[in-house]
Each structure stands twice: as structure tokens, then as C-alpha cells.
Amino acid sequence: MSSGAGRARLPLLACLALVAAAPLRAQTVTDPTDILYTELEVWEAKGLLGRLPALQPYPLQMVRHLLAAVVDNAEASPTDRQRAAWLLAQVDTPLHLTLRLEDRSATNQAGPFVKAVIDPTLQGMVTSWLGGAARFQLMGLRLDDGLALPAYRGAPEDLVYDDAYLDLLGQTVQLRQASYGSFGVGDGAGELLFQLGLGRHRAGPFWHNGIVVGQQAPQAGWFSLVMRQPFFTAHVALYELGATNDAGEGRAAGKHLHLHAIDFHLAPWLDVGAFESVVYGDRIELLYFIPVVTYFHSQGLTGFTDNSLVGLDARAAPLTGLDLKAVLYVDDTSFNDVARLRFDTKYKLAAQLGVALSPAALVDGATAGPARAGAHEAFRLVTFDYTAVMPYMYTHINSGDSELNFESYTNAGQSFGPALPPNADRLQLRALFRALDDVDTGLLDLDVGAALIRHGNASAGIIPGRDGSIFDDGYLGD
């Protein structure tokens, strides 16, 4: 973390959000920010599902399998089993239609709304081994207000340019659309499951704003394969990203991110894993489709023009309801210096340490017998994590002939990892409370979060004109 000029401290940021509403809100498997995945996160922390696959979103047949596992789990509380049965019925409903109004305006301009959404979702199983989901959003936006969010959170909208608009009640309403969808092929248990689609993603053990692939990053096309065995889980994925220049401008296809990972289940309470990624573009490199060969070696065979990264992760659950996690993601460092114990060297990496705590599971674990319903279940989940992104992490020098940068770890001009710039760190606390849980009237959760974020321009006073952002690769003379 640089301590030079240009450092800024952001004050403690607290936000309160409703993450779930009445049954009218669709439970769609294509969106890893959906309430459906919030439930899976809670049940993983409670130990009801074991370690879930690192790549999201999940295909429909896997979601159905996981929900059925909670319904049939004798260790689950009656409330959890009832909620899982309700969600299973929701995902088995072929068509959902959601109408939504949101106001996130940061100005004092008059107007009834900032965003209105018509959100139909179609999903279902075609056969026992083939399932799909499609989601379309038609949005009316008052863009002159912007779509205000807390700092370093990422926008939930995936907007493409459209010149359609309406004049409504004295306001100019821009019309935008977004589309998401996926197809999954394989068995629901995920022994071997292939998926393709277009949407947002998560990769790694952290469910929110993780350092590998963050669910707040813009949507991307993807092709993935998951193999689940008692001793290990293997993942292979190809993400299709949008390339921009080093100012975040322009947009072009042809940028690819390959990811392969393996997690070893050493004990019921301990998992360790390793993963690797490579970012490149303007061509298709067949060597990167070989999952059992390291990307770094394959990159060497192609001339070292691409951007490869490697990482380690671990998870330990010493108590039911207590989940400890850690991830290290390395782009570049000086092995020779570290081997000589010279630690004042280059560290182009990101790290994340955290804990997920289920108060209900800890209370139930302290008493004999199966989990029971009670007031203690209202306090559902507490997560705390520390994330550090070293200077120039996720950036990369443009080694090609095009103005577009195909090697940086960005999608459509935004980080494909965490919503943090290089040379930044973050302490983040989140608590999830259940205010209403009734299958007839709906579900209401309160998601309370606070974050302390620090960021500084690592290039300040060193490279004139550089801003220390994800577009500043730190190289002199480029």
C-alpha cells in the first residue's frame, strides 16, 4: 500500500437496503445478486449445504438440487425447510413478472422516480438434464440524476446505448433494456455440469465484492464446466469481456478471460484450493482450453504477451456456523527478491480475509437436538472481511497494436474483480436480519452494511499525469 502523496481516506460508509420483497419478486437463477443466492449464502454459513461451487450463477438443475437438499435436511430448522420449499416452488414456476420502482437520486430535482423496471423471467427444466432461464428488463431511467450508489459498490444496471426516450409528466425518461440468460447441461448434483449464458458472475469463496470475479462487475458471456467429487471440486470457465482503451472508452468484443480452479476437501471442515486465470484478446488461443496445463506455461509458448494470474484460497469451519475464508491473487511479484528475504520489492497482488458467522447455527449448536424455530433465527448472518489491492493490481500494459487494451483485468471499462481501485484497502461489515418470513405475505430482510475504504494514487509524484486508477499500469514512458 503506497503511503505517498495522493492518499485519500473515505469516511465510514453505512447503507441500509431491502434485499428482498414480496413473492411478486422473481427468484431467478441467472442473477447472483438475487435473494435466492442470499438464502444459499446463509445456508452455506449454517453448514446445511457444505461448500458450494465457486462459480456463480448456478444452473437451474443445481439450484433445484440444493433447495431440495435443505428441504430434506433433518438438521435444518422448520423455518429453513419451509423457506427452501417455497423457493423451490418459485424456481419451478415457469414465468414471473416483476414491476419495480427505485429512487436512488442524489439531486434535489423534482420527479417521481429514477428507475422503473418491467422484469419478466422465464425458466424451467426442458428435460431432467437440461435446464434454462431467460430474463429481460425494460427500464425507464432519468439519467440526468445519475444512479447514485455508495462508493466502490458497482452499479446494478447493465445498460447499452439506445436513443429511445419518452416525455412523461414533465420529465425526460430514457428507455433502456438488458437481457440475461443461461443453459445448463448435466445432473443437478453437479458431478459434471456444463453451462453457458450471459449475465453477472461470482468466483471464489467470498459472496460479495470478491477479488477474483465480483458479482458487482458488468455482465459477461460465459462458458463453464464444474465437476464435483467427494474429495475435490474442479471449475473451468471462459468469460467473454468488453475491451476498451486505457481511458475506459470505446467498446469491442474479442477479449477473453480463462479461469480454472480446483478445491480439495481435506476434511468436512477444511478446504484448500488453487486457481489460475489469463486475460488476452484479438485472437482465440487454443492452448488455454487445456484445463490440466498451467496458463503461465502456455503463455510462455505464445510469447508472454498475455496477462496471467495465479491464486490460492482456503476455507475452515471449526464450528458449525463459523466460516473462515482467505484468498490470495497474484499478478506479479519478484520471486528472486522474496527468496533472498528482500521484502521491499514488487507486490502486484490482491488479498482478502474474512469470516461468515451464523448466530442461529451457533445457538442451535450449543443446545442438544435438531435446529428449532425461534426468535434467534431473525439474526441470520454476519460477515466481516478485509480486502487489500496493491498498487497497479488488475492493470496491464497494452502490448498489442490496437488502441484497445485486451490484457487488463477489466470488462467494459470496469474491474472484473472487486469494485476497488489499485492501491486501496477496505474493511467491510455486513449483517442480515429477517424482519418478516411468511410464505403467504412474503419475505423481508434488512441488509445492513458498513465499510471503511482507503485509496491513494500510487503514481502521484512519480509519473506525471497518472491517476492511480485501473487504467494506470505504472509503466514509465508508455
Side-chain angles (χ1 to χ4, degrees), residues 1 7-21 32-35 37-46 56 102-106 114 146-157 200 202 204-217 315 321-327 350-363 375-390 393 414-415 417-436 443-456:
M1 188 69 58
R7 163 152 295 186
R9 291 178 179 268
L10 298 183
L12 189 66
L13 174 66
C15 59
L16 180 66
L18 301 183
V19 299
T33 67
D34 189 87
I35 177 184
Y37 288 92
T38 302
E39 297 296 324
L40 295 179
E41 178 188 12
V42 171
W43 291 329
E44 182 188 50
K46 296 181 76 169
Q56 291 179 356
E102 298 181 17
D103 189 343
R104 298 202 307 268
S105 174
V114 168
L147 294 172
L149 288 169
Y152 304 120
R153 284 282 300 275
E157 292 84 17
R200 295 202 170 197
R202 178 186 75 88
F206 288 90
W207 287 69
H208 301 275
N209 223 325
I211 64 174
V212 185
V213 176
Q215 98 291 357
Q216 81 295 326
R315 174 193 173 193
L322 178 63
D323 203 0
L324 308 175
K325 307 175 184 181
V327 184
Q352 193 167 16
L353 301 170
V355 59
L357 177 69
S358 170
L362 290 174
V363 170
H376 67 291
E377 285 198 289
F379 197 4
R380 309 198 67 213
L381 185 69
V382 179
T383 64
F384 178 77
D385 66 84
Y386 172 74
T387 303
V389 180
M390 295 294 105
M393 178 61 179
Q414 300 181 45
S415 171
L420 279 178
N423 196 36
D425 67 353
R426 177 187 65 212
L427 287 169
Q428 185 166 258
L429 175 66
R430 174 173 169 254
L432 185 65
F433 302 90
R434 174 139 297 168
L436 175 66
L443 166 68
L444 178 63
D445 278 359
L446 300 180
D447 195 338
V448 184
L452 175 64
I453 300 170
R454 302 182 300 174
H455 166 59

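Positions are given from 1, in the same order as the sequence printed here.
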Asker: Apply side-chain contact (heavy atoms from CB on, under 4.5 Å) to L324 and list each qualifying residue two or more places apart in sequence or on a separate chain.
Answerer: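 So L324 forms a side-chain contact (heavy atoms from CB on, under 4.5 Å) with P318, L322, V355.
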Asker: Should K46 and E39 be marked as a salt bridge (charged side-chain N to carboxylate O under 4.0 Å, His left out) after you check the CA-CA gap, both sets of side-chain angles, and the distance that decides it?
Answerer: CA-CA 11 Å; K46 296 181 76 169; E39 297 296 324; over 6 Å; no
Asker: For F433, give me all partners under ring-ring contact (aromatic ring centres under 6.0 Å, His included), at least two apart in sequence or on another chain.
Answerer: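 Testing F433 for ring-ring contact (aromatic ring centres under 6.0 Å, His included), a comparison that skips the adjacent residues, returns F379.
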Asker: Would you compute the distance between atom CH2 of W207 and atom CG of L40 and round it to the nearest 0.5 angstrom?
Answerer: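 Nearest 0.5 Å value for the CH2-CG distance: 5.0 Å.
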Asker: Output all residues satisfying side-chain contact (heavy atoms from CB on, under 4.5 Å) with P205, sequence neighbours left out; order by chain, then residue number.
Answerer: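 By the side-chain contact (heavy atoms from CB on, under 4.5 Å) rule, P205 matches R51, D313, K325, V327.
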Asker: Can you tell me how far the CZ atom of R430 sits from the CG atom of N209, to the nearest 0.5 Å?
Answerer: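 Between R430 CZ and N209 CG, I get 11.5 Å after rounding to 0.5 Å.
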Asker: Side chains of D385 and T383: do they bring a donor and an acceptor to under 3.5 Å?
Answerer: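 No, no side-chain donor-acceptor pair sits under 3.5 Å.
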Asker: Closer than 3.5 angstrom, by distance alone: can the side chain of H455 be matched with the main-chain N or O of P422 as a donor-acceptor pair?
Answerer: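 Pair found, side chain donor or acceptor close to backbone of P422.
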Asker: Under 4.0 Å between a Lys/Arg side-chain N and an Asp/Glu carboxylate O for E41 and R202?
Answerer: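 Not counted as a salt bridge, because no side-chain N and carboxylate O are separated by less than 4.0 Å.
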Asker: Nearest 0.5 Å please: distance from the OG atom of S415 over to the CD atom of Q216.
Answerer: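 These two atoms lie 7.0 Å from each other.
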Asker: Are L429 and V382 side-chain neighbours, meaning at least one heavy-atom pair lies under 4.5 Å?
Answerer: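 Answer yes - side chains close enough.
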Asker: Can you see which heavy atom on A435 is nearest to which on L446, and at what distance?
Answerer: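 Shortest heavy-atom contact: CB-CG, 4.5 Å.
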Asker: If you take all heavy atoms of D445 and R380, which pair is closest and at what distance?
Answerer: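 Closest heavy-atom pair between D445 and R380: OD2-NH1, 3.6 Å.
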Asker: For the CD atom of Q215 and the CD atom of Q56, what is their distance to the nearest 0.5 Å?
Answerer: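 CD of Q56 is found 8.5 Å from CD of Q215.
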Asker: Looking at A361 and G321, what are the two nearest heavy atoms and their distance?
Answerer: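 Nearest pair, atom of A361 first, then G321: CB-CA, 3.7 Å.
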Asker: Between L420 and A424, what is the shortest heavy-atom contact and its length?
Answerer: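 Scanning both residues, the minimum pair turns out to be CD2-CB, 4.4 Å.
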Asker: Just jot down the side-chain contact (heavy atoms from CB on, under 4.5 Å) partners of A217, sequence neighbours excluded, or say none.
Answerer: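 Partners of A217 by the side-chain contact (heavy atoms from CB on, under 4.5 Å) criterion, ordered by chain and then number, come out as F416.
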Asker: May I have the step-by-step check of side chain to side chain contact (heavy atoms under 4.5 Å, CB included) for R426 and V389, ending in yes or no?
Answerer: CA-CA 9 Å; R426 177 187 65 212; V389 180; over 6 Å; no
Asker: Can you sort out the partners of R200 under salt bridge (charged side-chain N to carboxylate O under 4.0 Å, His left out), two or more places apart, ordered by chain and number?
Answerer: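 Salt bridge (charged side-chain N to carboxylate O under 4.0 Å, His left out) check on R200 returns D158.
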Asker: So which heavy atom on I211 is nearest to which on A350, and how close?
Answerer: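 Nearest pair, atom of I211 first, then A350: CD1-O, 3.6 Å.
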Asker: State, to 0.1 Å, how close R315 and D323 come at their nearest heavy-atom pair, and which atoms those are.
Answerer: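 Closest pair (atom of R315, atom of D323, distance): NE-OD1, 2.7 Å.
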Asker: Once side-chain contact (heavy atoms from CB on, under 4.5 Å) is applied, do any residues pair with L353, and if so which ones, sequence neighbours excluded?
Answerer: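 Listed in chain order: A326.
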